[in-house]
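Let me begin by presenting the structure, written as structure tokens, before commenting on it.
Chain letters run A, B, ... following the sequence lines, proteins first and then strands; every chain starts at 1. Keep in mind it's a predicted model, so treat the numbers as computed, not measured.
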Amino acid sequence: MSFVTVSDVLAGKVSVGTTVTVRGWVRTRRDSKAGISFINIHDGSCFDPVQAVVENSLPNYSSEVLHLTTGCSLAVTGTVVESAGKGQAFEIQATTVEVLGFVEDPDTYPMAPKRHSMEYLREHAHLRARTNVTGAVMRVRNCLAQAIHRFFHERGYFWVATPIITASDAEGAGELFRVSTLDLLNVPKTEQGEVDFKQDFFGKEAFLTVSGQLNAETYACALSKVYTFGPTFRAENSNTSRHLAEFWMVEPEVAFADLNDIAHLAEDMLKYCINAVLTERADDMAFFAQRIDPTVIERLQHVVSNDFVHMDYTDAVEILQNCGKKFEYPVSWGTDLQSEHERYLAEEHVGAPVVLKNYPRDIKAFYMRQNDDGKTVAAMDILAPGIGEIVGGSAREERLDKFDQRLAELGMDPEDYGWYRDLRRYGTVPHAGFGLGFERLVSYVTGMTNIRDVIPFPRAPKSADF
RNA sequence: UCCCCAGUAGCUCAGUUGGUUAGAGCGGUGGACUGUUAAUCCAUGUGUCGUUGGUUCGAAUCCAACCUGGGGAGCCA
């Protein structure tokens with residue numbers, strides 16, 4: 001007798017006639033008065049549950065088996081047999097049903113075997129993990145994460161763990177969460193009456209990182225090809241279906257690369273990941289196609305079998321101005337594109353992910369490499385239909401004089417960028433990289449419309465339960 | 001943070017031009033039936049009507065503030 005997963009049984013990896021034990025949770029129980037009960041058991045190893053056939057001759061049949069409800073945990077030992085019923089190839093003819101834990105009050109068990117709203121499931125984040133939809137999302141999420149590591153590993157990239165706590169208050173990417181051990185009720189003050197951060201844990205102000213990019217650049221300028229993959233924190237008061245206060249980001253950084261190199265890298269990576277999901281998680285994807293987004297699979301197949309459309313910002317503005325569509329916000333060169341513009345480009349004009357390149361420098365970050373035209377920088381965004389910006393990247397300004405000039409224009413203090421400038425002072429090289437919002441990728445691949453449903457425990461403004 | 005919408009049973013919702021005992025489906029429970037599989041059929045409803053305050057003889061219903069959630073916008077990944 002051996003322990004096996006539901007996945008192995010259903011996939012036929014266990015020979016018929018073998019005695020095995022599966023352990024998991026009850027999805028549904030159906031009784032036949034002919035003297036049998038059918039128990040669907042899931043253990044998370046795959047989408048489908050396995051069916052255990054339980055005869056009323058078992059000693060605990062009427063005392064326990066007939067009281068099993070959705071959510072009960074158990075270990076079922078029995079023989080793997082070809083199913084006599086329709087709907088599954090294999091099932092387990094039970095010889096022992098050991099109840100590990102009953103649901104103490106089935107009437108109030110939050111995960112009834114019925115449709116729940118996503119909002120409701122979110123309020124029960126610890127139990128939604130047992131539902132079809134959340135289980136499927138998390139298996140796909142894992143598949144994507146593994147594919148990302150595999151993709152980079154196969155191409156000679158090194159995974160760099162950039163710090164989560166940063167004392168650099170100049171990353172310039174939005175609001176920061178403060179990290180401090182000071183007593184909020186009794187904050188030490190300087191003689192000038194300001195908070196005395198010298199007495200804080202790090203001896204200076206510290207925050208949670210908003211990006212691993214600047215640190216990743218230092219390792220790209222040494223190991224040549226690196227990437228980060230870890231949590232990122234933004235204290236922005238963003239209340240949307242595509243923002244989180246804590247999310248995961250993938251940030252490759254590549255020495256000797258230019259904008260087109262990383263645009264193609266991003267495209268290759270996205271296709272690699274989508275292919276992995278389509279082949280490895282066909283069961284979960286079939287569920288998403290059935291219940292979440294009917295077009296999800298053909299949409300992904302279209303993405304992997306076509307080249308991304310590359311387009312300069314300048315050309316995009318022209319397209320938007322001449323498309324004849326009425327926008328709420330006017331389009332003009334030099335302003336950032338609105339959501340409605342990005343949606344039009346990705347969803348209507350192209351109908352697939354689109355790579356927008358070479359944005360006006362005034363609407364982009366200080367570290368992006370200036371183009372020869374003096375007006376634009378080598379930046380690119382990849383816009384996905386239904387999601388919007390999924391990737392943002394750029395070539396980094398590696399020329400010290402240009403970099404300092406840009407800092408001066410923006411009134412920024414070079415002192416704050418000491419180690420970052422050193423990379424330009426000592427053996428500088430052209431390099432480029434991008435950031436991919438991991439949860440946005442999971443959303444896009446699964447068809448889930450709210451980003452809070454593709455991370456186990458979402459953190460957002462006014463929301464940090466569990 | 002801004003705009004719009006919502007908050008009624010374990011869940012999804014109906015209801016209310018202010019007025020006696022607040023409803024349905026699903027779930028659960030009991031029964032019938034069946035190698036069943038979102039099973040089916042019958043029975044079964046004790047609910048601070050989001051919170052606080054106000055108007056009123058009377059508020060789940062009207063008003064205000066707040067809280068929470070959803071959609072959209074901004075910020076971005």
Rounding to a whole Å, what distance do you find between [X]:[atom1] and [N]:[atom2]?
X	N	atom1	atom2	value
H243(A)	A73(B)	NE2	P	11 Å
K364(A)	C76(B)	NZ	P	8 Å
M448(A)	G71(B)	CE	P	11 Å
L337(A)	C75(B)	CG	C1'	15 Å
E246(A)	C76(B)	CD	C1'	17 Å
Q213(A)	A77(B)	CD	P	9 Å
R29(A)	A39(B)	CZ	P	12 Å
I387(A)	G72(B)	CD1	P	11 Å

So what does [X] hit on the nucleic acid, given a heavy-atom distance under 4.0 Å: a base, only sugar-phosphate, or nothing?
X	value
Y329(A)	sugar-phosphate
R343(A)	sugar-phosphate
Y120(A)	sugar-phosphate
I390(A)	sugar-phosphate
S83(A)	base
Q338(A)	sugar-phosphate
E55(A)	nothing
V53(A)	base
Q51(A)	base

Using the [atom1] atom as the point on both nucleotides, what is the distance between [M] and [N], in whole Å?
N	M	atom1	answer
A38(B)	G19(B)	P	44 Å
G25(B)	U40(B)	P	14 Å
U20(B)	A60(B)	C1'	15 Å
A22(B)	A6(B)	P	24 Å

Are the side chain of [X] and the backbone N or O of [Y] linked by a donor-acceptor pair below 3.5 Å?
X	Y	value
T134(A)	T131(A)	no
S45(A)	S7(A)	yes
Y120(A)	P110(A)	yes
R459(A)	E246(A)	no
Q213(A)	E251(A)	no

Below 4.0 Å: OP1/OP2 of [N] and any side-chain N or O of [X]:
X	N	result
R242(A)	A73(B)	yes
S238(A)	C76(B)	no
R440(A)	A77(B)	no
N450(A)	G71(B)	yes
S32(A)	C33(B)	no

Checklist line | Aromatic centroids of Y420(A) and F403(A) separated by under 6.0 Å | finding: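 Yes, close enough.
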Checklist line | Aromatic centroids of F229(A) and F438(A) separated by under 6.0 Å | finding: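 Yes, close enough.
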Check: Out of A39(B), C76(B), G70(B), which has the shortest distance to the side chain of R30(A)?
Finding: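 From the listed options, A39(B) comes nearest.
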Note to self: Return whichever of T28(A) or F38(A) has its heavy-atom-nearest nucleotide of RNA chain B closer to the 5' end.
What the structure shows: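 Final value for this comparison: F38(A).
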Check: 5'-most contact on RNA chain B: T240(A) or F438(A), nearest heavy atom basis?
Finding: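 Mapping each residue to its closest nucleotide by heavy atoms, the 5'-most match is T240(A).
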For the base of [N], is there a side-chain donor-acceptor partner from [X] under 3.5 Å away?
X	N	result
N239(A)	U1(B)	yes
H116(A)	C11(B)	no
Q88(A)	U36(B)	yes
E236(A)	G74(B)	no

Note to self: Check the orientation of W159(A) and Y227(A). Use parallel for under 30°, tilted for 30 to 60°, and perpendicular for over 60°.
What the structure shows: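 The arrangement is parallel - the two ring planes meet at less than 30°.
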Checklist line | 5'-to-3' dot-bracket of RNA chain B (Watson-Crick, G-U; under 3.5 angstrom; crossing pairs as [ ]; | other strand) | finding: (((((((..((((.....[...)))).(((((.......))))).....(((((..]....))))))))))))....
Margin query: So is the aromatic ring of Y109(A) stacked onto the base of G10(B), judging by whether the centres are under 5.5 Å apart and the planes are under 30° apart?
Written below: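 So no, this residue does not stack on that base, at least one cut-off failing.
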Checklist line | Test side chain to side chain contact (heavy atoms under 4.5 Å, CB included) applied to R155(A) - qualifying residues, sequence neighbours left out | finding: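 Listed in chain order: F151(A), Y157(A), Y272(A).
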Notebook entry, point to check: Hey, does the Lys NZ or Arg CZ of R299(A) hover above the aromatic six-ring of Y444(A), less than 6.0 Å from the centre and inside 45° of the axis?
Noted result: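 Judged by the rule, R299(A) and Y444(A) form a cation-pi pair.
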